[in-house]
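Beneath this line is the structure, given in structure tokens, with notes to follow.
Below, read A as the first sequence line, B as the second, and so on, with proteins coming before strands; counting in each chain starts at 1.
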Amino acid sequence: MSISTANAPLLELRGLSCERDQRCLFADLNLSAEAGNIVQIIGPNGSGKTSLIRLLTTLSAEYEGEILWQGESLVHSRLDYLNHLLYLGHSPAVKKALSPRENLAWFSGMSAGHPQIPLSEALEYVGLAGFEDVPCYSLSAGQLRRVALARLYLTPARVWILDEPFTAIDIQGVARLETLIAEHAAGGGLVFLSTHQPLQIDAVIPLDLMDFQAGEEYYARAEGWSS
Amino acid sequence: MAWQWFYRMGSPRWFYEKTDRWIPWLALVTALLLGTGFVWALGFAPADAKQGNSYRIMYLHVPAAFLALAGYYVMAIAGAIGLIWKMKLSDMVMKAAAPIGAALTFLVLVTGAIWGKPTWGTWWVWDARNTSMLLLLFLYLGVMALQNAYQHQGTADRASAILALVGTVNIPIIYKSVDWWYTLHQPATLKLTSESTIHVSMLYPLFIMIAGFYCFYALVLIFYTRLEIVQRERRTQWVSALVEGAK
Amino acid sequence: MSSGLKALLQRDLTLAFRNRGELTNPLVFFLMVIAMVPLGVSPESKVLANLAAGMIWVVALLATLLSLDSLFRNDFDDGSLEQILISPHPLYFIVLVKVFVHWLVTGLPLALISPLLGVMLFLPDAGFVPLCLSLLMGTAVLSLIGAIGAALTVALRKGGLLLSLIIMPLYVPVLIFGASVVRTAIDGFPVAGELAVLGAFLAMAIVLAPIAAAGALRISVNG
């Protein structure tokens, strides 16, 4: 499954299979993702969405097959890949004892590259102007999520991996985020996201994990080398 | 070619089927060695000049001590292989080696106590060897506890492999430290067992017992590993066939 | 120091000082348990003086163990640990930074408060400075080794007790030499040699422990 353009794929998945607890989550997954693509990972809970995201963020290395970043296997190019990666996970990873500004300062320090805009401006974009120095335990769940989303305005990272980014956000926030994602892709970025919500963005590539369930041959192969 | 053999060895099913053939021979050798050793040790070896017949517990205590320490290294090496080469069989061997080693260490402590009572009058003494063995038992128990704590088997295997390796680095340090500590505090009333020179007539049965214990360890390790294999691979075809065939 | 490590150091120090209440818990534990000793054993100065060096060291060890569980747990629970793992900074130095902050707020205060406990247990005068010194170095080693245990058990819900179980045997050499520094000083002998051994432990722990802890963190988060 690929978009045919002249560009080389940014991220390529070849024959990717993932197994957990003797159960095959997905097998022989092939994907060629280029700059400008927005890939939506679809599948019911337990179908391997979380595992795939963990593979894409290099949190896990339990897979068969290949993941290629800019043509090179991830095993060798992991550090370079991480320099271009931004991952927003299920939980906002925001420390409640710190203020939004302090949290963002930490996020910028931890990621590669420098913030593109001042921290306060990023907080303004997500609608938290005036809350920059308030301790986060006095913010609501939606506001905490928005602190995490402010990172998207700060980072120069090319590849975005977003796990349920629309959680706890209101309709306006959803629209703003969708615009941001579309702009990022248009500017040459690559976005992977998993969400239950229907997306109002054009040209989203669906990656349905149910298309990659294991067949008989997989289990026969998995018996091992014993003859 | 060699790599293919290495990877084939890593297949649990291959191991299970191969050991079907090894076990009877290994059991025979073990029985012979242990039998000869026991009879010689208990019946024919001379009584000790100082301790009389009570020293004979040594024929259990010393081999068990050898195996308790060697067993930890078996566990750690199996864990390392499983961690580096992701060989599932190695992980199973590591998991099997832990309780066996712990049981052997416990045997060392118990036989040490049985030896101690008639010899020095107390069940327990905090000397260097006893204390080191006790700490070795704690190290084993730690690995077992960590194995049992995780729901996901893969995580359990990898975490306990790391713990076993950390323990391996520490064992010489712990032993040396305890040794040094004991020399500082050597109590005046108790005398260290001076196993300075053991007479040759006592050494032969001891060697046979040690060899017998090694074979016994290998046998029990194979049994436990087979158990682990069947349990972990219970959803595969060949195990179902095995169970069907046994019915 | 790279921006990432600086940012982490700043954040962890800020977090530690904002949760000031938690900082004093190990210290209060230290004090209270030492107070139990005369109540459980005997109030006689001769008996207590004999026990003092060892007891203070054992209780310092326990207090460190209690505080280790939270080394990585908070970050694990709110998803920060995942962000740390995929940041481009070497995990080895990240672990070192976190352990350093942990020692700064646990081990260092324990070492500084130990003379007070020495007074409570009638520690002879010659023992005070060696006690402080040995605890300063020793608690650093304890924090480093403990980080391995904390990393191995961070994904478990009731990891705290298991952490103590798996780490305690590894603490024995530090305990032996740490307490012996104090006893040797009390007996009037030079302690440079034993302090050097503690220093060697510290050097080894600084080099090796973060490697094991980093590996354990990846395993815990992955599982």
Practice prompt. Would you indicate whether A/Tyr125, at its atom OH, is surrounded by more than 12 heavy atoms from other residues, nucleotides or ligands within a distance under 6.0 Å?
Written response: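 Count not over threshold, so no.
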Worksheet item: Any chance OH of A/Tyr63 has more than 12 other-residue heavy atoms, nucleotides or ligands included, within less than 6.0 Å?
Response: yes
Taking all non-hydrogen atoms of both residues, which atom of [X] and which atom of [Y] are closest, and how far apart?
| X | Y | answer |
| --- | --- | --- |
| A/Met110 | C/Pro88 | O-CD, 3.5 Å |
| A/Ala97 | C/Arg18 | O-NH1, 2.8 Å |
| C/Ala7 | A/Ala105 | CB-O, 4.5 Å |

Item to complete: Name all pairs fulfilling the ring pair (Phe, Tyr, Trp, His ring centres under 6.0 Å) condition that reach into residues 84-112 of chain C, sequence neighbours left out, sorted by first residue then second.
Response: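 Ring pair (Phe, Tyr, Trp, His ring centres under 6.0 Å) check on residues 84-112 of chain C returns no pairs.
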To the nearest 0.5 Å, how far apart are [atom1] in [X] and [atom2] in [Y]?
| X | Y | atom1 | atom2 | result |
| --- | --- | --- | --- | --- |
| A/Leu98 | C/Gln10 | CG | CD | 10.0 Å |
| C/Ser87 | A/Tyr87 | OG | OH | 14.0 Å |
| C/Leu81 | A/Leu59 | CG | CG | 9.0 Å |
| C/Leu15 | A/Trp106 | CG | CH2 | 9.5 Å |

Worksheet entry | C/Asp78 bridged to A/Lys96 by N-O distance under 4.0 Å | no
Determine all donor-acceptor pairs shorter than 3.5 Å in which one atom belongs to a side chain in residues 148-164 of chain C; sequence neighbours excluded.
residue: C/Thr153; atom: OG1; partner: C/Gly149; partner atom: O; Å: 2.9
residue: C/Ser164; atom: OG; partner: C/Gly160; partner atom: O; Å: 3.2

Worksheet item: Please walk me through it: do C/Glu82 and A/Thr57 pass side-chain contact (heavy atoms from CB on, under 4.5 Å)?
Response: CA-CA 9 Å; C/Glu82 286 184 344; A/Thr57 52; over 6 Å; no
Worksheet entry | Pairs meeting criterion side-chain hydrogen bond (donor to acceptor under 3.5 Å, both in side chains) with involvement of residues 214-223 of chain C, two or more places apart |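 Sorted pair list: A/Ser60-C/Asn222.
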Fill in: chain C contact residues among residues 65-85 of chain A, heavy-atom distance under 4.5 Å
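A/Arg78, A/Leu79, A/Leu82, A/Asn83, A/Leu85 fall under the 4.5 Å cut-off.
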Item to complete: Determine, step by step, whether A/Lys95 and C/Arg11 satisfy the side-chain contact (heavy atoms from CB on, under 4.5 Å) criterion, reporting the C-alpha distance in whole Å, the side-chain angles of both residues, the deciding distance to 0.1 Å, and the verdict.
Response: CA-CA 9 Å; A/Lys95 289 284 181 206; C/Arg11 184 196 77 151; 3.3 Å; yes
